[in-house]
J.: 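Below are the structure tokens for one structure; questions will follow.
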Amino acid sequence: MRFYDVLLVNPIIDGMNLVAKEGAIVNEVGGVIVLSRTAGAFQQLAKGSVPTSPTDVTETAQALYKALTMPFEERHTRALIARQGVERSDLTLWMAKQIRDIDDLLERSFSGSSIKKNYPEPTNNAVVARLA
């Protein structure tokens with residue numbers, strides 16, 4: 001995957017997320033990802049990829065053509081955007097979102113109790129979360 005010009009990741013249902021993310025990280029030549037809108041990674045990589053529908057052969061062919069004929073500058077810009085999308089959404093951010101969602105559920109379930117939020121906004125650095 002280090003040298004792809006175009007990487008087609010086209011699952012019909014959510015899947016192949018690691019393939020798309022790994023492609024964005026390891027590619028060394030400004031490769032373009034043609035990515036199914038139904039892939040779980042689509043939300044994260046949409047701005048850096050060429051979207052397609054896995055059930056639409058014509059749209060997929062057009063997306064591949066677009067990616068293969070894309071100007072050099074646009075290819076590298078999209079590759080950079082895709083790489084940054086993966087790098088910015090790391091495990092720390094994911095964990096902070098999970099904890100925040102759990103905390104919100106607890107707060108709704110026990111409204112009026114003494115549960116309160118006591119953690120900073122998630123960053124790509126350290127995230128500290130606790131229920132007080």
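Positions are given from 1 along the sequence. The structure displayed is predicted, hence computed values, not measured ones.
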J.: Taking all atoms of both residues into account, what is the closest heavy-atom pair of Ala67 and Val6, and its distance?
T.: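 What the structure gives for the nearest pair is CB-CG2, 3.6 Å.
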J.: At what distance, to the nearest 0.5 angstrom, does CG of Leu7 lie from CD of Glu22?
T.: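 If I round to the nearest 0.5 Å, the distance is 9.5 Å.
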J.: Please assess Val50 against Met70 for the test side-chain contact (heavy atoms from CB on, under 4.5 Å), listing each intermediate value before the final yes or no.
T.: CA-CA 10 Å; Val50 176; Met70 189 175 288; 3.8 Å; yes
J.: Does Ser53 use its side chain to pair, donor to acceptor, with the backbone of Thr60 at less than 3.5 Å?
T.: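 No, Ser53 side chain to Thr60 backbone: no donor-acceptor pair under 3.5 Å.
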J.: Which value, rounded to the nearest 0.5 Å, describes the distance between Arg75 atom CZ and Leu80 atom CG?
T.: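 Arg75 CZ to Leu80 CG: 14.5 Å, rounded to 0.5 Å.
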J.: For a salt bridge (Lys or Arg N to Asp or Glu O under 4.0 Å) check, start with the C-alpha distance between Glu107 and Arg100, then their side-chain angles and the critical distance, and finish with the verdict.
T.: CA-CA 10 Å; Glu107 193 171 283; Arg100 184 182 316 143; over 6 Å; no
J.: May I ask you to check whether over 12 heavy atoms, not counting those of Phe72, lie within 6.0 Å of atom CZ?
T.: no
J.: Is there a chain of hydrophobic side chains (I, L, V, M, F, W, Y, each step under 4.5 Å between heavy atoms) that links Val19 to Phe42?
T.: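 They do share one cluster, since a chain of ILVMFWY contacts under 4.5 Å joins Val19 to Phe42.
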J.: Indicate the atoms forming the closest heavy-atom contact of Ala79 with Gly31, along with that distance.
T.: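 Looks like CB-O, 3.7 Å.
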J.: Using every non-hydrogen atom in the two residues, find where Gln44 and Ser89 come nearest and quote the distance to one decimal.
T.: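 The answer is NE2-CB, 3.0 Å.
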J.: Would you please test Gln84 and Lys47 for side-chain contact (heavy atoms from CB on, under 4.5 Å) and show each step?
T.: CA-CA 10 Å; Gln84 289 172 344; Lys47 292 179 181 175; over 6 Å; no
J.: Could you measure the distance from the OG1 atom of Thr38 to the CE atom of Met16? Nearest 0.5 Å is fine.
T.: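 These two atoms lie 10.0 Å from each other.
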J.: Please confirm whether the backbone N or O of Ile25 pairs with a side-chain atom of Arg83, one donor and one acceptor, at under 3.5 Å?
T.: yes
J.: Are Leu35 and Ile81 in one and the same hydrophobic cluster, where Ile, Leu, Val, Met, Phe, Trp and Tyr link if side-chain heavy atoms are under 4.5 Å apart?
T.: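 Per the 4.5 Å side-chain linkage, Leu35 and Ile81 are not co-clustered.
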J.: Side-chain heavy atoms under 4.5 angstrom apart, residues restricted to Ile, Leu, Val, Met, Phe, Trp, Tyr: same cluster for Val29 and Val86?
T.: no
J.: I need the Thr92 OG1 to Lys97 NZ distance, nearest 0.5 Å.
T.: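 Result: 12.0 Å between the selected atoms.
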J.: Any sub-3.5 Å donor-acceptor pair from Tyr4's side-chain atoms to Gly23's backbone N or O?
T.: yes
J.: Could you verify whether a donor N or O on one side chain and an acceptor N or O on the other, from Thr52 and Ser36, lie under 3.5 Å apart?
T.: no
J.: Above 12 or not: heavy atoms from other molecules or residues under 6.0 Å from CD of Glu74?
T.: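 Check passes, neighbour count above 12.
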J.: Can you list the residues that meet the salt bridge (Lys or Arg N to Asp or Glu O under 4.0 Å) rule with Arg2, with sequence neighbours excluded?
T.: Glu28
J.: Would you say Leu18 ends up clustered with Met1 if hydrophobic residues are merged whenever their side chains have heavy atoms under 4.5 Å apart, either directly or through other cluster members?
T.: no
J.: To the nearest 0.5 Å, how far apart are CZ in Arg108 and CG in Asp103?
T.: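 So the CZ of Arg108 and the CG of Asp103 are separated by 10.5 Å.
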J.: Nearest heavy-atom pair of Ala20 and Ile33: which atoms, and what distance?
T.: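 Of all heavy-atom pairs spanning Ala20 and Ile33, the closest is O-CD1, 3.6 Å.
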J.: Given the rule in the side-chain contact (heavy atoms from CB on, under 4.5 Å) test, do Val34 and Val9 qualify, once you have shown the distances and angles that lead to the verdict?
T.: CA-CA 6 Å; Val34 175; Val9 182; over 6 Å; no
J.: Please lay out, stage by stage, how Leu93 and Arg88 fare under the test side-chain contact (heavy atoms from CB on, under 4.5 Å).
T.: CA-CA 8 Å; Leu93 181 63; Arg88 287 185 181 143; 5.9 Å; no
J.: Say you draw a straight line from CZ of Phe110 to CG of Leu105; how long is it, rounded to the nearest 0.5 Å?
T.: 10.5 Å
J.: Does Ala41 offer a backbone N or O that forms a donor-acceptor pair with the side chain of Asn17 under 3.5 Å?
T.: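 Side chain of Asn17 to backbone of Ala41: a pair is present.
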